[in-house]
Amino acid sequence: MNDSVPQTDAPEEAVEPEPAHDPAAPAPLGVPRTPTGNAEVDAQLARLGDADHLATDGHVEVYEDVHRGLRDALTALDARPGLPAPPSTYGNRS
C-alpha cells in the first residue's frame, strides 16, 4: 500500500471579477435634449453630450463653450435684419 498523498494542483487564488461598470468612470447623465428647430441652438445642445465622456473637471470647458455658442446664437437674433420699425409718433403733436 502506498501511503503517499496523491498530488493535486494547488488551489488557484480567488480572483474577484471586474465590475461591469466602474463607478468612478465618466457616465452619461441621461438628460434628454429636445430639438428646438434652430440648427445653431440644436448643435450647441448636442455638444453638451461631449461632457458625458469626460471626467468632472472637463465639464467646465464644455459648458463654457456651449454657453458662448448659445449666447452668440441669441445675439445673432438681434442682429438679423427684419421689418423696419414703424415711424414713432410719440412726441409729435403736429
Side-chain angles (χ1 to χ4, degrees):
M1 177 172 203
N2 189 349
D3 288 333
S4 66
V5 177
Q7 189 174 13
T8 61
D9 292 335
E12 293 183 26
E13 292 182 25
V15 177
E16 293 184 31
E18 291 186 29
H21 170 71
D22 179 6
L29 295 175
V31 177
R33 290 179 287 278
T34 306
T36 65
N38 181 303
E40 291 176 75
V41 172
D42 290 342
Q44 293 302 321
L45 293 178
R47 170 98 167 90
L48 287 173
D50 293 346
D52 288 346
H53 308 289
L54 298 174
T56 305
D57 59 350
H59 290 193
V60 173
E61 182 180 339
V62 173
Y63 294 156
E64 287 177 347
D65 184 47
V66 170
H67 180 260
R68 190 172 26 260
L70 291 173
R71 187 180 58 229
D72 291 347
L74 188 58
T75 300
L77 291 175
D78 289 338
R80 291 187 182 146
L83 295 175
S88 174
T89 58
Y90 182 75
N92 264 348
R93 300 196 180 236
S94 313

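Worth knowing before you read on, the calculation uses all heavy atoms, side chains too, and leaves out hydrogens, waters and symmetry mates. All of these numbers come straight from a predicted model, not from anything done at the bench.
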Under the side chain to side chain contact (heavy atoms under 4.5 Å, CB included) test, which residues partner Arg71, sequence neighbours left out? His67, Arg68, Thr75
For His59, side chain to side chain contact (heavy atoms under 4.5 Å, CB included) partners two or more places apart: Ala51, Leu54, Tyr63
Give the minimum heavy-atom separation between Gln44 and Asp65, together with the two atoms involved. OE1-O, 3.7 Å
Over all heavy atoms of both residues, which pair between Leu70 and Val41 is shortest? Give the atoms and the distance, please. CD2-CG1, 3.9 Å
Exercise answer: donor-acceptor pairs, residues 25-36 side-chain atoms, under 3.5 Å, sequence neighbours excluded:
residue: Arg33; atom: NE; partner: Leu45; partner atom: O; Å: 3.2
residue: Thr36; atom: OG1; partner: Asn38; partner atom: N; Å: 3.1
residue: Thr36; atom: OG1; partner: Asp42; partner atom: OD1; Å: 2.7

Partner residues of Asp72 under the side-chain hydrogen bond (donor to acceptor under 3.5 Å, both in side chains) criterion, sequence neighbours left out: none
Given a cutoff of under 4.5 Å between side-chain heavy atoms of I, L, V, M, F, W and Y, with clusters grown through shared members, what are the other residues clustered with Val60? none
